[in-house]
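Read the structure below first, then the notes.
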2 protein chains.
Amino acid sequence: MAATVRRKPKGAYHHPDLEGALTAAAVRTIRERGVDALTLRDIGAQLGVSRTAIYRHFKDKSALLAQVALEGFRMFRHALTSAADEARARAADPIEEMGVAYVGFALENQSHYRTMFGDAFECAEEYPGLAAEGGAAFDVLLGAITEEQAVSGIGAGFDPLELAHIFWAGVHGIATLAMAGQLGPGGKGKPEQLCRLQARILRAGLRAGLNPAPGTASDAR
Amino acid sequence: MAATVRRKPKGAYHHPDLEGALTAAAVRTIRERGVDALTLRDIGAQLGVSRTAIYRHFKDKSALLAQVALEGFRMFRHALTSAADEARARAADPIEEMGVAYVGFALENQSHYRTMFGDAFECAEEYPGLAAEGGAAFDVLLGAITEEQAVSGIGAGFDPLELAHIFWAGVHGIATLAMAGQLGPGGKGKPEQLCRLQARILRAGLRAGLNPAPGTASDAR
DNA sequence: ACCTGAACACCGTTCAAGT
DNA sequence: ACCTGAACACCGTTCAAGT
């Protein structure tokens, strides 16, 4: 760590860490003016740097966005992990608390979240680190579910991967709808409340088990 | 209906219904090459029309996208309504079938769905018709939930609006994650299966009722 | 009325040139 | 090594001009 001291080159740098400054400026711009307003020229101007200087640090604009997404996934995974750990420490439901942390992260870091699950998400194969970090974040949720199955037996008869997908879809849906202002004017408290309610209904449903719906036609086997 | 016969003007029209052709071309382009590839110049070229001809029919590019979204919401509401009606006719769960129809619509009409819940969704206040159509589609879901509360008593103790938000978030989450290819390589059958499982777990949870989670700390009152 | 072509103010990206 | 300025091929949008 302390062994590698970056020797400052002779040329005058505008920024000691231009790469970090570029991603930070990107995050700030997205937050303040939206993704569409993100312009390499504007970022360069913000940093007092030529508009082509970015190409020294990133292959192109989407690589910069991928870096924002990667940074987001790292923060994201940490938020989920510590929420689950803290819940376990006070004997709360780790899955419910992870859901609250999920939605809270999305709402507090909308720039990162939008970038994580926006265009960069679609073409993740170009940035293998992205898919890996996203998978690691998902594994935190998957781990909590398998643990719950083993410890309390809740949902033990279900495929944990399917349960994880359902929980993910639920919190992702709440987060995106809340960001779009579709969950009413409740403000920030509403999404968390909704998130808790969702987790508890799902938990109760898993505990109770599924009796076949009254008129299920196609999938009796 | 048949009373208003549009008299063809003397000037030579490239398209009898340029407005409809423009939105159709937009939908097709989004489906085939993504929203970012949607270009007024390209659409004009596709239709053999000047790239500024569109301004005779739409205020700007976002108005064209709003039209695509509006068209999408109308088809969407119809799909939801008929799914619920059909479910009632054969005594199936209307909510589960609406969820399947929701996800199915999203996957079969990704151009429309992405536009409906994309940028146009954010600035819906500029296009009041959009918000109205979106609200009408949501009301189909809300109505099915209040009906279920009244008829079968399931979830009767809950705020129907909160339940509707939770169901919406669930199916919206499944739809968007499926579109992003995040629900595994299962193909088209997987999202529907997940959707049914989610609806049944939620239903079972509402039927069973919520006993307080083991270590709920903050919200005892 | 409807459409066109040129023009304007923007983009991302490339590249030879500077230090 | 790192950064710059000019240049290129694109955008959306405006507007005077055509029929």
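Proteins come first, then strands; the chains are lettered A, B, ... in the order of their sequence lines, and each starts at number 1.
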Quiz item: Do the two ring centres, one from Y102(B) and one from F167(B), sit under 6.0 Å apart?
Solution: no
Quiz prompt | Assigned partner base of dT14(D), Watson-Crick or wobble definition, under 3.5 Å | solution = dA6(C)
Practice problem: Check for a donor-acceptor pair, side chain of S50(A) on one end and backbone N or O of T52(A) on the other, with a separation under 3.5 Å. | Solution: yes
Quiz item: Roughly how many Å is it from CZ in F58(B) to C1' in dT13(D), rounded to a whole number?
Solution: 16 Å
Self-check item: Flag side-chain contact, heavy atom, 4.5 Å: F76(B) against E71(B)
Solution: no
Quiz prompt | Base-pairing assignment for dA1(D) (Watson-Crick or G-U wobble, both under 3.5 Å) | solution = dT19(C)
Quiz item: Between E148(B) and R88(B), is there a salt bridge with N-O shorter than 4.0 Å?
Solution: no
Exercise. Starting at atom CZ of R56(A), determine the distance to atom C1' of dT4(D), rounded to an integer number of angstrom.
Key: 11 Å
Self-check item: Integer-rounded Å distance: dT13(C) C1' and R51(A) CZ
Solution: 11 Å
Quiz item: Is H57(A) near enough to dC3(D) that one of its side-chain N or O atoms lies under 4.0 angstrom from OP1 or OP2?
Solution: yes
Quiz item: Can you tell which of dT4(C), dC2(D), dG12(D) lies closest to the side chain of K61(B)?
Solution: dG12(D)
Exercise. On DNA chain C, check which nucleotide each of D42(A) and K59(A) is closest to and give me the residue with the more 5' one.
Key: D42(A)
Quiz item: Closest to the D60(A) side chain: dT4(D), dC2(C), dT13(C)?
Solution: dT13(C)
Practice problem: Answer with base, sugar-phosphate or nothing: what part of the nucleic acid does T39(B) contact at a heavy-atom distance below 4.0 Å? | Solution: sugar-phosphate
Quiz item: Quick one: does T52(A) reach the base of dG12(C) with a side-chain donor-acceptor pair under 3.5 Å?
Solution: no
Practice problem: Could you check how far CZ of R41(B) sits from C1' of dC11(C), rounded to whole Å? | Solution: 12 Å
Quiz item: So, F117(B) versus F73(B), ring centres under 6.0 angstrom or not?
Solution: yes
Exercise. Round to the nearest Å and state the distance from L18(B) atom CG to dA1(C) atom P.
Key: 17 Å
Quiz prompt | Spacing of L47(B) atom CG relative to dC3(C) atom C1', expressed in whole Å | solution = 14 Å
Quiz prompt | Spacing of I43(B) atom CD1 relative to dG12(D) atom P, expressed in whole Å | solution = 9 Å
Self-check item: Listed nucleotide nearest any side-chain atom of L40(B), set dG12(D), dC3(C), dG12(C)
Solution: dG12(D)
Quiz item: Counting just side-chain N and O atoms, does Y55(A) come under 4.0 Å of either OP1 or OP2 of dT14(C)?
Solution: no
Quiz item: Base, sugar-phosphate alone, or nothing: which one does L38(A) contact when heavy atoms must sit under 4.0 Å apart?
Solution: sugar-phosphate
Quiz item: Rounded to the nearest Å, what distance is computed from the CG atom of residue D36(B) to the P atom of nucleotide dG12(C)?
Solution: 12 Å
